[in-house]
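Since the structure is predicted, the reported quantities are computational estimates derived from the model, not experimental observations.
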Amino acid sequence: MRVFMYLRGTEIGRDAEGNRYFIERWSRGRGVRRRRWVLYPRDAEASSVPAEWHAWLHHTTDAPLTEMPRYPWQRPHLRNATGTASAYRPPGHDSMGGQRAAADGDYESWAPAPPQMSAVPRIGQALETEQQP
């Protein structure tokens, strides 16, 4: 893979995680997009790719969005922590003691209303009454 990467690819940039992004040097033909790929520094974890590079990898943008300003409300990109010690576990989770907080009493479960009896005769009854003289 590394030989292919260095012979066929051109490095476009890197992100804060250490991921390196490449594009194919030459076009493969008319109307065919040049391939783009990422080389991960450690294990191949797709969730480590930030949104600005994800858009570039999937041909949503022609250039990476790394030059875009960061707003104060934007958080830094975090990789998926599922299955690790830093994964989110709600207060009632088994590894967090297994005790869920008591309900406040403002919750009322829904139950359907009982069926209403209608005055409309059943289909079988209507047929029987029509046949009698």
Side-chain angles (χ1 to χ4, degrees):
M1 177 66 183
R2 291 190 191 274
V3 172
F4 171 80
M5 178 184 54
Y6 287 114
L7 292 177
R8 303 276 316 254
T10 302
E11 186 172 343
I12 299 299
R14 297 174 186 230
D15 65 11
E17 284 269 333
N19 298 327
R20 295 168 39 192
Y21 301 91
F22 294 86
I23 191 167
E24 216 171 14
R25 288 181 199 232
W26 304 283
S27 177
R28 291 179 284 142
R30 188 176 204 187
V32 180
R33 297 187 293 198
R34 292 168 35 183
R35 291 182 183 161
R36 298 174 180 180
W37 67 91
V38 59
L39 181 66
Y40 303 101
R42 295 174 295 279
D43 56 337
E45 176 58 46
S47 69
S48 69
V49 176
E52 53 269 8
W53 282 103
H54 183 273
W56 179 80
L57 279 172
H58 292 274
H59 298 276
T60 304
T61 61
D62 290 331
L65 303 174
T66 56
E67 305 302 320
M68 299 294 290
R70 302 278 309 170
Y71 297 101
W73 50 266
Q74 287 178 308
R75 293 183 176 176
H77 177 75
L78 298 175
R79 65 177 26 203
N80 187 353
T82 302
T84 66
S86 59
Y88 172 75
R89 292 178 178 88
H93 193 272
D94 287 339
S95 62
M96 300 297 288
Q99 295 296 319
R100 188 175 67 81
D104 296 330
D106 60 349
Y107 173 77
E108 184 177 321
S109 62
W110 177 82
Q116 298 288 330
M117 296 301 291
S118 65
V120 177
R122 293 183 189 167
I123 295 174
Q125 290 175 344
L127 292 175
E128 290 173 9
T129 57
E130 290 176 7
Q131 293 176 357
Q132 294 175 355

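Taking every heavy atom of both residues into account, A81 and S86 meet most closely at CB-OG, 3.7 Å.
In this structure T61 satisfies the side-chain hydrogen bond (donor to acceptor under 3.5 Å, both in side chains) test with no other residue, sequence neighbours excluded. Applying the side-chain hydrogen bond (donor to acceptor under 3.5 Å, both in side chains) criterion to T60, with sequence neighbours excluded, gives no partner residue. When the side-chain hydrogen bond (donor to acceptor under 3.5 Å, both in side chains) test is applied to R42, the partners found at least two apart in sequence or on another chain are E17. In this view, R14 and E11, R20 satisfy the side-chain contact (heavy atoms from CB on, under 4.5 Å) rule, not counting sequence neighbours. Considering only residues two or more places apart in sequence or on other chains, R8 meets the side-chain hydrogen bond (donor to acceptor under 3.5 Å, both in side chains) condition with E24.
Inter-residue side-chain proximity for E52 and R70 is flagged as met; some heavy-atom pair is nearer than 4.5 Å. Contact of the T82 side chain with the Y88 side chain is not registered, since no non-hydrogen atoms from C-beta on lie closer than 4.5 Å. Taking the side chain as every heavy atom from C-beta outward, W56 and I12 approach each other to under 4.5 Å.
Formation of a donor-acceptor pair under 3.5 Å by the D43 side chain with backbone atoms of E45 is not found in this model. In this structure, R36 contributes its side chain and I23 its backbone to no donor-acceptor pair below 3.5 Å. In terms of modelled atom types and a separation under 3.5 Å, the side chain of N19 and the main chain of S48 share a donor-acceptor contact. Looking at S47, its side chain never comes within 3.5 Å of a backbone N or O of R79 through a donor-acceptor pair.
Between W53 and Y21, the two ring planes are parallel [angle under 30°; tilted spans 30° to 60°].
Taking CZ of R25 as the start and CZ of R35 as the end, the distance is 15.0 Å to the nearest 0.5 Å.
Summarising the hydrophobic clusters (Ile, Leu, Val, Met, Phe, Trp, Tyr; side-chain heavy atoms under 4.5 Å, direct or chained), the residues clustered with Y71 are W73.
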